[in-house]
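Everything numeric here is computed off the predicted structure, so don't read it as measured data.
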Amino acid sequence: MDTFDFVIIGAGPAGEAAAFKARERGATVAIVDREWFGGSCPFIGCLPSKALLYSASRHAANPDAYPWPKASAHRDFMINRTPGAAEPDDSSHVAALEKAGAVAYPGTARIVGRGHVEVRHDDAVHVLDARNIVIAVGSVTKVPPLPGVDRIKLWTNREATLATELPKSLLVLGGGPTGCEMAQVYARFGVRTTIVQSGDRLMPTDHPRNAEAVSDGLRDSGVEIRLGVRAVAVRPSAGKDGAHAVDLDDGSTAEGHEILLAVGRAFPLDDLGLEHYGIDTSGRTAIPRDGRLRIAEGLWVIGDPAGPELHTHQAHYQGEIAVRMALGDDVRPDYRALPRATYTDPEAAFVGLTLDQARSSGLDAFELVADYKTSTKGYAVEAKTGHITIVVDRASRELAGAAIACPDASAAIHECVVAIKAHVTIDVLADTIHAFPSTSRIFNGLFADALRELEKTPASR
């Protein structure tokens, strides 16, 4: 039996980050994955979707100069898929882990006792002895129990990001980041695209103004958005021109030759052997998704199953901090400054709390908003929508949250991320020089307005 300081089940961003951090600290590591080392992000998630969004923006500007075959080739380059191959090549991820000194096991892992992991691959069985077991299995597309859904080949993010041919039409069930990003990609390439969202707005976990800006951008790209309706049944090939028909709970129907599921994620924990640590996986949730990481002595969970949210950057952070905790560092995960970003046109980014959330948590908070499209930067890029919003806590004179929707939102938000993380006061932010006419300069104007508001109306006692 081989013995390791860490046996990591899952080699996505969380598992890789844990493995590299552990090796940096001199710990021994075995890492197991049943499909791709690197996980979903580089192959069917973050990287291909962003490459396709870039290509779609180029196509929207000049269709003849950037056709779909060029976009498909650029996506294949990003995911390391050679022409004609069905699958991406993950060998560079394996090589990087092995160069760092980790032992990579392709195969299926299961806990067979406390501190013992069995790995099966090609009829071979390895039993690994672990001082720490790290669960980093990511998540999979949640499939709703709709009548008829099992009679068609559904699209998940896998099919949506790996497609080499454009569908005749696309119906997206779910209006979160994945649904919105993929809808804009295909709509901009001329595919008739519809989003069906059960709630009253897209991007339900994002800031409401971000949701409004993303909706504006999608409609401008040709996406039909249907809100407040829920799918109740699927009728294969029952629509026009052989499209699948989806019956909605208001009595109407939506159609698509392909149906992309983007209604949420599920966590593949059932067959991992967690019962050896007293964890029951038969209920709705096996573990609280509160981001605490350590769930039993010598057992850690990182990435999507850990919560509190679903982000590659969160997974990477958790992988490193879980290893540090396991090795005795006096650290704990801190999610106060966890950024969220959606890479549609316009981009949307958010950190911290909305005004309602801040007040509900007991803060004496106020909000300031700037219209992006009427800012100098907005005029310069002919923006059609967008905003910059900050939420300020009077008592601490610090940012409680910030949201932004504009072309470079995913970059511009990080000033606020650092400010929240480091408890930087509005006094300092307002006194900081910001380049003109950048998006950050718009933040600077809001910080100056916030400082005046703080001087005018002190915190309530």
side-chain contact (heavy atoms from CB on, under 4.5 Å) partners for R158, two or more places apart: E35, W36, I44, E87, T156, L162
Verify the neighbour count for atom CZ of R34: are there more than 12 heavy atoms of other residues, nucleotides or ligands below 6.0 Å? no
N/O donor-acceptor pair under 3.5 Å between N132 side chain and F6 backbone: no
Would you say R441's side chain and A435's backbone share a donor-acceptor pair under 3.5 angstrom? no
Do other residues, nucleotides or ligands put more than 12 heavy atoms under 6.0 Å from D271 CG? no
Within a reach of under 6.0 Å around CZ of R336, are more than 12 heavy atoms found that belong to other residues, nucleotides or ligands? yes
Between S440 (side chain only) and S438 (backbone N and O only), is there a donor and an acceptor less than 3.5 Å apart? no
Are Y105 and H126 near enough that their ring centres are under 6.0 Å apart? yes
Minimal non-hydrogen separation, I295 against V301, with atom names: CG2-CG1, 3.6 Å
Where does the angle between the aromatic ring planes of Y186 and W155 fall among parallel (under 30°), tilted (30 to 60°) and perpendicular (over 60°)? tilted
Those residues that, when tested against A130, pass side-chain contact (heavy atoms from CB on, under 4.5 Å) (two or more places apart): V7, I133
Could you go through the side chain to side chain contact (heavy atoms under 4.5 Å, CB included) check for I388 and Y372 one step at a time? CA-CA 6 Å; I388 298 90; Y372 180 78; 3.7 Å; yes
Main-chain N/O of T389 paired with E367 side-chain donor or acceptor, under 3.5 Å: no
Using the side chain to side chain donor-acceptor pair (under 3.5 Å) rule, pick out the option among R340, R289, Q314 that qualifies with E309. R340
Of all residues at least two apart in sequence or in a different chain, which pass the ring pair (Phe, Tyr, Trp, His ring centres under 6.0 Å) check with H414? none
Residues, nucleotides or ligands: over 12 heavy atoms within 6.0 Å of K70 NZ: yes
Any donor-acceptor pair under 3.5 Å linking the side chain of D33 with the backbone of A11? yes
What verdict does the side chain to side chain contact (heavy atoms under 4.5 Å, CB included) test give for L293 and M325, after you've listed the backbone C-alpha separation in whole Å, the side-chain angles of each residue and the deciding distance to 0.1 Å? CA-CA 9 Å; L293 309 185; M325 292 167 68; 4.2 Å; yes
Angle class for the Y66/Y54 ring planes (parallel below 30°, perpendicular above 60°, tilted otherwise)? perpendicular
